[in-house]
Amino acid sequence: MLNIVLFGPPGAGKGTQAVFLKDEFNLIHLSTGDLLRSQIAAKTELGNEAKRFMDKGELVPDEVVIGMIGSQLKENASAKGFIFDGFPRTVEQAKALDQLLNENGTPVSGMLALEVEKQELIDRLLERGKTSGRSDDTDVSIIENRIAVYNQKTAPLMNYYEAQSKYYPVNGMGSVEDIALRLKMLVEKL
Ligand code: AP5
Ligand code: MG
């Protein structure tokens, strides 16, 4: 079983690259951002609560996203493996993921961390904001806050996975195809 944590700051290309990896290796793609946005679209209580955090570029509480991932793992019990996109984002979430996966005896195989310069992140997100309808993509100060939250709360996870010898930095600059190839070559060696 292959369990990949696809990691990187907002706009690094996690969602874009997950689509290639999922097809190439026959994995289930789990994006907490996408799961939360579908709750918002369905106007559920969870969605309304999450929106208050997402609109500001703040993290949704750990227990909410951990609960969502737990139920997705149960629903897809026969999967060949998973790509976790945008999860975990805090040390608490990483510990919870380890616990959930260890219950099945299938730990995280590797954490692939896309590295992209800050100005490129901002340019990509503002460009997408012209059409995405995502409230967190249109305002530079909210984008800056998402990046600051990443640096403060999420980036430390690189050390968490490094300590388990599971941290693989990947150059996330360049064409989508070139980056997909870099990731594929790494995953083949996991
Ligand atoms: P989430 O949906 O996860 O957003 P994010 O991580 O902030 O960033 P994106 O999804 O926007 O970036 P991405 O890396 O997927 O890049 P993409 O491929 O889309 O989270 C949103 C919010 O939900 C959070 O702020 C938080 O509130 C909440 N949340 C989610 N998960 C949570 C968790 N675990 N805990 C707590 N809260 C959570 O690419 C971006 C753009 O760039 C696209 O337009 C794409 O076409 C373009 N692009 C991609 N690759 C390239 C390239 N190589 N060259 C040029 N353009 C490119
Ligand atoms: Mg994404």
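Residue numbers start at 1 and run along the sequence shown. Atoms within a ligand are numbered from 1 in the order they appear, just like the ligands themselves.
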Would you check whether [X] has a nitrogen or oxygen atom less than 3.5 angstrom from a nitrogen or oxygen atom of ligand 1?
| X | answer |
| --- | --- |
| Leu59 | no |
| Asp85 | no |
| Ser31 | no |
| Val60 | yes |
| Asp137 | no |
| Thr16 | yes |
| Leu125 | no |
| Gly57 | no |
| Gln17 | no |
| Gly11 | yes |

With a cut-off of 4.0 Å, which atoms of ligand 1 are near a heavy atom of [X]?
| X | value |
| --- | --- |
| Ala12 | 14 (O), 16 (O) |
| Arg37 | 2 (O), 21 (C) |
| Ile179 | 53 (N) |

Is the shortest distance from a Lys or Arg side-chain nitrogen in [X] or [Y] to a carboxylate oxygen in the other one below 4.0 Å?
| X | Y | answer |
| --- | --- | --- |
| Asp34 | Arg37 | yes |
| Arg128 | Asp137 | yes |
| Glu144 | Lys118 | yes |

Less than 4.5 Å apart, any side-chain heavy atom of [X] and any of [Y]?
| X | Y | value |
| --- | --- | --- |
| Ile69 | Gln93 | no |
| Val64 | Thr32 | no |
| Lys166 | Pro107 | yes |
| Phe87 | Val65 | yes |
| Asp85 | Leu30 | no |
| Leu114 | Leu183 | yes |

If you have a sec, work out which protein heavy atom is nearest [atom] and how many Å separate them, to one decimal?
| atom | value |
| --- | --- |
| atom 19 (O) of ligand 1 | Arg128 NH1, 2.7 Å |
| atom 26 (C) of ligand 1 | Glu58 O, 3.5 Å |
| atom 16 (O) of ligand 1 | Gly13 N, 3.1 Å |
| atom 15 (O) of ligand 1 | Gly15 N, 2.9 Å |
| atom 53 (N) of ligand 1 | Gly174 O, 2.9 Å |
| atom 7 (O) of ligand 1 | Arg146 NH2, 2.9 Å |
| atom 35 (N) of ligand 1 | Gln93 NE2, 3.0 Å |
| atom 52 (C) of ligand 1 | Arg124 NH2, 3.4 Å |

Checklist entry - Considering all heavy atoms of both residues, which atom of Phe82 and which atom of Met1 are nearest to each other, and what is their separation? => result CE1-CE, 3.5 Å
Checklist entry - Which heavy atom of Ala50 sits nearest a heavy atom of Leu36, and at what distance? => result CB-CD2, 3.8 Å
Answer side chain, backbone, both or neither: which part of [X] comes under 4.0 Å from ligand 1, heavy atoms only.
| X | answer |
| --- | --- |
| Glu127 | neither |
| Leu36 | side chain |
| Thr90 | neither |

Checklist entry - Is ligand 1 less than 4.0 angstrom away from at least one heavy atom of Gly8? => result no
Checklist entry - Judged by non-hydrogen atoms, does Arg134 sit under 4.0 Å from ligand 1? => result yes
Any donor-acceptor pair under 3.5 Å linking the side chain of [X] with the backbone of [Y]?
| X | Y | value |
| --- | --- | --- |
| Arg124 | Ala12 | yes |
| Ser109 | Asn3 | yes |
| Lys14 | Val5 | no |
| Asp55 | Ser135 | no |

Checklist outcome for this item: The residue among Tyr150, Tyr168, Tyr161 that forms ring-ring contact (aromatic ring centres under 6.0 Å, His included) with Phe7 is Tyr150
Checklist entry - Can you tell which of Lys14, Arg89, Met54 gets a heavy atom nearest to atom 1 (P) of ligand 1? => result Arg89
